[in-house]
2 protein chains.
Amino acid sequence: MANINDIAKRAGVSVSTVSRVLNHNPYVSEEKRAAVQRVIDELDYTPNRLAVDLIRQETRTIGVIMPYNNNQAFDQLLHGVLNRSAEHDYSVMVLPTKYDQVKELRSLDRLKNKQLDGIILTSRSNAWDAIVPYSKYGAIVACEYTDHPEIGCAYMDRYASFVDAFRLLRDKGHTRVAFTTARGEESNSTRLTFKAYEHIFGELPPAYHISDCYSMEDGIRAAKQLLHAKLRPTAIYANGDEVATGIYQYARSIQLEVPEDLAIIGQENQPVGIGLGFSTVDHQLVKVGEQAFDLIVEKSRDKIEIPYHIIIRQSI
Amino acid sequence: MANINDIAKRAGVSVSTVSRVLNHNPYVSEEKRAAVQRVIDELDYTPNRLAVDLIRQETRTIGVIMPYNNNQAFDQLLHGVLNRSAEHDYSVMVLPTKYDQVKELRSLDRLKNKQLDGIILTSRSNAWDAIVPYSKYGAIVACEYTDHPEIGCAYMDRYASFVDAFRLLRDKGHTRVAFTTARGEESNSTRLTFKAYEHIFGELPPAYHISDCYSMEDGIRAAKQLLHAKLRPTAIYANGDEVATGIYQYARSIQLEVPEDLAIIGQENQPVGIGLGFSTVDHQLVKVGEQAFDLIVEKSRDKIEIPYHIIIRQSI
DNA sequence: ATGAAAGCGCTAACAA
DNA sequence: TTGTTAGCGCTTTCAT
């Protein structure tokens, strides 16, 4: 590939002039500009992006840390980010981590090694203390609330949404309510679920909580345990409509009617939930992703709460 | 941030030695190696990735051109790519194009400007003649069949799968069969659907085909038209289980029973299809994505066919 | 085993 | 308005 020197030589100008043409600097005479442009077209020249980014100390590229890529919720967040990045002419790198702490830190290293201008954490495995120091190398925005002033966040009030959902079930007369979560107590979101549960129903019977639920299969596994507990729950709050689908499938397979024998409420208003008529807590993850992106480009460390909606359908 | 010169100075060695340590070159004495490592740790140094990529003329990063990011099928392909890229320590950049030809070419430019080593085309809007020239700058792999020798591909035999699906419906006694597609006749995949239809059922009544279907809402729109045609179809083959869900919803809303009044068959075996019990043509898109990635890293231009499966459930 | 020096391809301060 | 030149931060010959 030709480089800027080749262009300069053939156009009979200096590299600075070529650079000026490339960057639409007005201080170039029309003749020289035309001459340079002609050579650029002739040689089908494109500036090397690595060289440009290296000297500009900026890449207009951000990373999205996504623990799992078989989970619709993370896809929704990513889609929000992509919506905005396309508008702002930013590039997006996907950084899968499988909740591996080392992989997560290696991903954050990309701020330090200047490959990325910013990183969006859709979730995280490391403690904040391990993450915050990276904010000195680039913008970090989380999709959960944190009061670390160095970290911007686009978040949903998970505690409030869980309380609302549990209260809804209680008001419908349910007292034996179980729920599923993605991760265990190492996750802040899971801890908030516990607190919300206790606030509404009091102490949680251990048998009423199943973790590690990401997919429909996980939902089936959860249902197998929950629906054969000594005191069968009459309602289940699933973390995601796909997990809810697994629960629904298994419930039907053992002749339970929904919602008569078992009420189900899901999360994130995913297609499958719409199709099956699940009530769902919609945290508006696409909007969360969009907002997270905006915070990154604005280099803002604001804490923006995205409202959630509970959508009532036939499953409760 | 410290750079390699700072490290060299403080360690009392030359930059070449630091570089050797960084790249695990064996020709470094243990003392110098240790000295260098000590300074690296002290200064918390990380090599600048742009500078490394610039001089190595390689980025270990590939791009995935995805027209839409509200479509599960593209997500499945992306997930396949991400599965493999994580294993091979490659990075992945997502390139949304909305089927805009110019955006698509700008994305391909990233091969030319050395930002990307290869690009996977999950779909495309430009003619091959416009795309093929870019293969001189980096590996291009498509998720559809093409006989251009410069382009590798991981593809499914769409014609055969369409013929199978239509034949299945015909064998069930259906003669009035409609279908939906993503794009119109500008798409090769759509043209293959037409050919398959004609092979099984003969001439296609224009009212039996609806294009621009990507989401559930599109499915509802399609159903509104199809189910009010003069001669109502008795079966619909939807391009995707989400679209099928929209059709299902609308059919139920006008009191049609599935499959008694209307048979539905979807595509890609997505969660919603499993939940609603749709029969579906599974093109194994995750595998396609995985295979596409492998072709890129192997710099292979092979044409690899991924087998499809028809999964029979209650909807037909 | 080690270092000096020549790039990779570009931008921008400075001088003219 | 234009050109010269000094980097950006690294790898890799080529000597020694």
Side-chain angles (χ1 to χ4, degrees), chain A residues 1-40 43-61 109-117 137-138, chain B residues 1-40 43-61 109-117 137-138:
Chain A
M1 255 293 283
N3 64 25
I4 200 173
N5 289 295
D6 303 332
I7 306 296
K9 233 166 269 175
R10 287 189 59 148
V13 300
S14 73
V15 293
S16 351
T17 299
V18 178
S19 176
R20 289 189 187 100
V21 172
L22 254 19
N23 297 290
H24 308 102
N25 181 316
Y27 295 109
V28 183
S29 67
E30 182 47 31
E31 309 93 86
K32 301 234 173 194
R33 207 204 55 73
V36 168
Q37 191 57 56
R38 193 173 319 115
V39 178
I40 286 178
L43 270 55
D44 194 26
Y45 165 77
T46 308
N48 183 308
R49 176 73 182 261
L50 296 172
V52 174
D53 289 352
L54 175 60
I55 197 156
R56 288 222 177 112
Q57 314 263 47
E58 186 195 38
T59 60
R60 292 186 74 81
T61 303
D109 271 339
R110 291 165 190 266
L111 292 175
K112 201 163 138 192
N113 69 24
K114 302 270 111 196
Q115 197 180 180
L116 259 27
D117 293 349
Y137 304 113
Chain B
M1 255 295 283
N3 64 26
I4 198 172
N5 288 295
D6 303 334
I7 306 296
K9 233 165 271 176
R10 286 188 59 147
V13 300
S14 73
V15 293
S16 346
T17 298
V18 177
S19 176
R20 288 190 187 99
V21 172
L22 254 19
N23 297 290
H24 307 102
N25 181 315
Y27 294 110
V28 183
S29 67
E30 183 46 32
E31 311 91 86
K32 301 232 174 195
R33 209 205 53 72
V36 168
Q37 191 57 55
R38 193 173 319 114
V39 177
I40 286 178
L43 271 53
D44 194 25
Y45 165 77
T46 309
N48 183 307
R49 175 73 181 262
L50 296 172
V52 173
D53 289 352
L54 174 60
I55 197 155
R56 288 222 177 114
Q57 315 263 46
E58 186 195 38
T59 60
R60 292 186 74 82
T61 303
D109 271 339
R110 290 165 189 266
L111 292 175
K112 202 163 138 193
N113 70 26
K114 302 270 111 197
Q115 197 180 181
L116 260 25
D117 293 349
Y137 304 113

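Both backbone and side-chain heavy atoms feed into the values below; hydrogens, waters and symmetry mates do not.
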Item to complete: For side-chain contact (heavy atoms from CB on, under 4.5 Å), just list the numbers for A/Leu22 and A/Ile4, CA-CA rounded to whole Å, side-chain angles, deciding distance to a tenth of an Å, and then say yes or no.
Response: CA-CA 10 Å; A/Leu22 254 19; A/Ile4 200 173; 4.2 Å; yes
Please report the interatomic distance [atom1]([X]) to [atom2]([Y]), rounded to the nearest 0.5 Å.
X	Y	atom1	atom2	result
A/Leu50	B/Arg49	CG	CZ	9.5 Å
B/Arg38	B/Arg33	CZ	CZ	10.0 Å
A/Thr17	A/Asn25	OG1	CG	9.5 Å
B/Met1	B/Tyr45	CE	OH	7.0 Å

Fill in: Working for side-chain contact (heavy atoms from CB on, under 4.5 Å), residues A/Asn48 and A/Asn3
CA-CA 8 Å; A/Asn48 183 308; A/Asn3 64 25; over 6 Å; no
Worksheet item: At under 4.0 Å, does any side-chain N or O of A/Lys32 touch on OP1 or OP2 of D/dG3?
Response: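 Yes, A/Lys32 has a side-chain N/O under 4.0 Å of OP1/OP2 on D/dG3.
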Worksheet item: Looking only at side-chain N and O atoms, does A/Thr17 come under 4.0 Å of OP1 or OP2 in D/dG3?
Response: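 Yes, A/Thr17 has a side-chain N/O under 4.0 Å of OP1/OP2 on D/dG3.
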Worksheet item: Nucleotide by nucleotide, 5' to 3', does protein get under 4.0 Å of the base (B), only the sugar-phosphate (S), or neither (-) in nucleotides 8-16 of chain C, counting heavy atoms?
Response: BBBBBB---
Find the distance [X]:[atom1] to [N]:[atom2] and express it as a whole number of Å.
X	N	atom1	atom2	value
A/Lys112	D/dG9	NZ	C1'	16 Å
A/Gln115	D/dG9	CD	P	16 Å
A/Ile7	D/dG3	CD1	P	15 Å
A/Lys114	D/dG7	NZ	P	19 Å
B/Tyr27	D/dT12	OH	P	15 Å

Worksheet item: Is there a side-chain contact between A/Gln115 and A/Thr61, using heavy atoms and a 4.5 Å cut-off?
Response: no
Worksheet item: Can you give the dot-bracket line for DNA chain D, using ( ) for pairs inside the strand, [ ] for pairs that cross earlier ones, | for pairs with another strand and . for unpaired bases, where Watson-Crick and G-U count if both distances are under 3.5 Å?
Response: ||||||||||||||||
Discussion item. Minimum heavy-atom separation for B/Arg20 and B/Tyr27, please, with both atom names.
Written reply: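 Here B/Arg20 and B/Tyr27 meet closest at CD-O, 3.9 Å.
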